[in-house]
Each structure stands twice: as structure tokens, then as C-alpha cells.
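Sequence lines set the chain letters: A, B, ... in the order given, protein chains first and strands last, and positions in each chain run from 1. Just so you know, these numbers use all the heavy atoms, side chains as well, and skip hydrogens, waters and symmetry mates.
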Amino acid sequence: EPEVTQTPSHQVTQMGQEVILRCVPISNHLYFYWYRQILGQKVEFLVSFYNNEISEKSEIFDDQFSVERPDGSNFTLKIRSTKLEDSAMYFCASSPDGTNTEAFFGQGTRLTVV
Amino acid sequence: AQSVAQPEDQVNVAEGNPLTVKCTYSVSGNPYLFWYVQYPNRGLQFLLKYITGDNLVKGSYGFEAEFNKSQTSFHLKKPSALVSDSALYFCAVRDPIYGQNFVFGPGTRLSVLP
């Protein structure tokens with residue numbers, strides 16, 4: 001069964017450093033998402049991506065964040081200068097279309113900023 | 001703007017008893033509604049969805065949910081709970097007109113007691 005894969009599973013970084021979280025969405029999907037979850041609580045939307053551009057983003061997704069689909073298979077989230085409050089579980093998801101299909105989530109990357 | 005409420009942080013139920021996890025939503029137009037489950041240190045797994053048609057939808061692991069338009073609710077149910085159903089459950093909505101992203105409720109922790 002196809003699945004969304006995320007690497008690394010756990011990333012520890014120092015405050016102020018740049019991190020790149022990587023995701024490989026399901027191959028025939030067209031919409032890609034990043035969500036984050038702090039301490040097993042609410043799942044917060046960061047950004048959605050379609051047709052090689054951002055289609056929606058939340059207030060959390062400020063100038064420190066960027067996304068890229070560099071090679072047609074990977075989908076990355078970059079945080080330029082990490083803050084302590086960026087510590088969270090980051091989930092990548094993909095869906096076949098932008099309407100009535102469900103999203104498929106990866107297992108997540110736990111980011112710890114120290 | 002779309003929003004999802006899950007009025008109960010925690011639901012406790014004895015094994016073998018029926019369970020209900022509540023969800024209400026606010027969205028313009030006809031919503032697309034989803035339930036996801038999250039086990040510890042795992043990603044979100046899709047359980048079921050309502051798009052259109054029959055108000056009672058059936059999903060994975062014996063779960064079902066009932067869409068009630070007048071009450072703007074989409075409660076998750078299972079006739080007989082298992083200890084293995086213990087997890088965090090998220091209701092989500094997708095606005096078919098104004099957005100492709102999924103908006104999640106705050107989650108309900110279900111504990112099934114042996």
C-alpha cells in the first residue's frame with residue numbers, strides 16, 4: 001500500500017540553526033500539506049502546495065518557513081532560523097485532489113530545538 | 001472560516017460498551033467531514049469520511065459516524081469498544097468551496113478500560 005514517508009524521524013537542532021524536513025508524498029497525489037502538532041495536542045495547518053506553488057498558508061507559516069518540491073518526488077519544509085517554540089511533531093500529508101478525498105499522513109518528524 | 005469543535009477532551013468507556021466521540025463543525029456550504037485516529041508516536045490514520053449521500057457512513061475497524069446537518073454534527077460511534085481503540089481521535093473538515101486544507105478539531109482522547 002502506498003504511503004507518505006518522512007525523514008528524519010527525529011531531528012535535534014540548536015536554536016537559530018536551519019533545518020530541512022523531508023517528505024516523499026504518494027506518487028500520483030497532487031496536493032501536499034505540512035501540519036504540526038505540539039506535545040500531542042492540536043494538529044495545526046501550516047501550508048498546502050499544489051501545481052508547484054503554495055495554495056494556502058496559515059499565520060504560523062511566516063517568513064522563517066518555506067516549502068519546495070525540488071525534483072518531482074520530494075516535498076521539503078525548511079525552517080531558516082529555528083526557535084524553541086518550533087519544537088513539535090511535523091506531519092507531511094498528500095491527497096489525490098483538493099476536494100472530497102482524504103489526506104494521507106506520514107509518520108512525522110519530531111523536531112526538538114535546544 | 002471553517003472550524004471544528006470536539007467538546008470532550010477525554011472519553012472513558014468500558015470494553016464491550018458502545019462509544020461515541022462528538023464533533024461539531026462550522027463551514028459555509030456543504031462540508032466534507034473526516035475522522036482520523038492517532039496512536040502514540042504515530043501519524044494520523046484515516047478512519048472514515050462523509051462527502052454526500054447516506055448520513056451514516058462506515059469506516060475502518062468497525063467505526064461509523066452519523067452526519068447531522070441540522071445539528072452540524074458528525075459524531076463517531078462504535079457499537080462495542082475494544083481496549084485497542086484507545087487513542088487520540090481527530091475530527092476534520094474540508095470546505096469544498098473556500099479551501100483545500102483540512103481543519104482539525106482539538107482531539108479527543110479515548111480510553112477503553114478492560
Inset, instruction - Determine which residues belonging to residues 19-32 of chain A lie within contact range of chain B, meaning some heavy atom pair is under 4.5 Å apart, and list them by number or answer 'none'. - result: A:Y31

Inset, instruction - Go through B:G107, B:G43, B:P106 and name the one with the most non-hydrogen pairs under 4.5 angstrom from chain A. - result: B:G43

Inset, instruction - Take atom CZ of A:R110 as the centre, draw a 6.0 Å sphere, and report whether it contains more than 12 heavy atoms from other residues, nucleotides or ligands. - result: no

Inset, instruction - Would you indicate whether B:R42, at its atom CZ, is surrounded by more than 12 heavy atoms from other residues, nucleotides or ligands within a distance under 6.0 Å? - result: no

Legend entry - Path from A:F65 to A:I38 over hydrophobic side-chain contacts below 4.5 Å: no

Legend entry - B:L44, B:V103, B:L88 screened by side chain to side chain contact (heavy atoms under 4.5 Å, CB included) with A:V43, the one that passes: B:L44

Inset, instruction - Check whether A:Q41 gets within reach of chain B through its side chain, its backbone, both or neither, counting any heavy atom under 4.5 Å. - result: backbone

Inset, instruction - Please answer: with hydrophobic residues joined when any side-chain heavy atoms are less than 4.5 Å apart, are A:I79 and A:I54 in the same cluster? - result: yes

Inset, instruction - Kindly work out whether a path of hydrophobic side-chain contacts (I/L/V/M/F/W/Y, heavy atoms less than 4.5 Å apart) joins A:V4 to B:F46. - result: no

Legend entry - Partner chain B: residue of A:S48, A:A103, A:S58, A:S55 with the largest heavy-atom pair count (under 4.5 Å): A:A103

Legend entry - Neighbourhood of chain B inside residues 81-95 of chain A, taking heavy atoms under 4.5 Å as contact: A:F91, A:S95

Legend entry - Segment of B:Q45 engaging chain A (4.5 angstrom heavy-atom cut-off): neither

Inset, instruction - Heavy-atom distances under 4.5 Å only: say whether A:Q37 touches chain B with side chain, backbone, both or neither. - result: side chain

Inset, instruction - Tell me whether B:L56 is reachable from B:F74 by hopping between hydrophobic residues (I, L, V, M, F, W, Y) whose side-chain heavy atoms are closer than 4.5 Å. - result: no

Legend entry - Value rounded to 0.5 Å, distance of CD in A:E102 from CZ in B:F34: 6.5 Å

Inset, instruction - Check whether any side-chain N or O of A:E56 sits under 3.5 Å from a backbone N or O of B:N101 as a donor-acceptor pair, and report yes or no. - result: yes

Inset, instruction - Please assess A:N100 against B:R94 for the test side-chain contact (heavy atoms from CB on, under 4.5 Å), listing each intermediate value before the final yes or no. - result: CA-CA 8 Å; A:N100 61 3; B:R94 202 180 199 187; over 6 Å; no

Inset, instruction - Please state whether the side chain, the backbone, both or neither of B:F90 comes within less than 4.5 Å of a heavy atom of chain A. - result: side chain

Legend entry - Over 12 foreign heavy atoms within 6.0 Å of CD, B:Q10: yes

Inset, instruction - Output all residues satisfying ring pair (Phe, Tyr, Trp, His ring centres under 6.0 Å) with A:F105, sequence neighbours left out; order by chain, then residue number. - result: A:Y35, B:Y36, B:F104

Inset, instruction - Applying ring pair (Phe, Tyr, Trp, His ring centres under 6.0 Å) between B:F102 and each of A:W34, A:F104, A:Y33, report the one that passes. - result: A:Y33

Legend entry - Same apolar cluster: B:Y50 and B:L48, side chain cutoff 4.5 Å: yes

Inset, instruction - List for me each residue that meets side chain to side chain donor-acceptor pair (under 3.5 Å) alongside B:N30, sequence neighbours excluded, and say none if there are none. - result: B:K69

Legend entry - Taking every non-hydrogen atom, the tightest pair across A:T101 and B:K49: CA-NZ, 3.9 Å

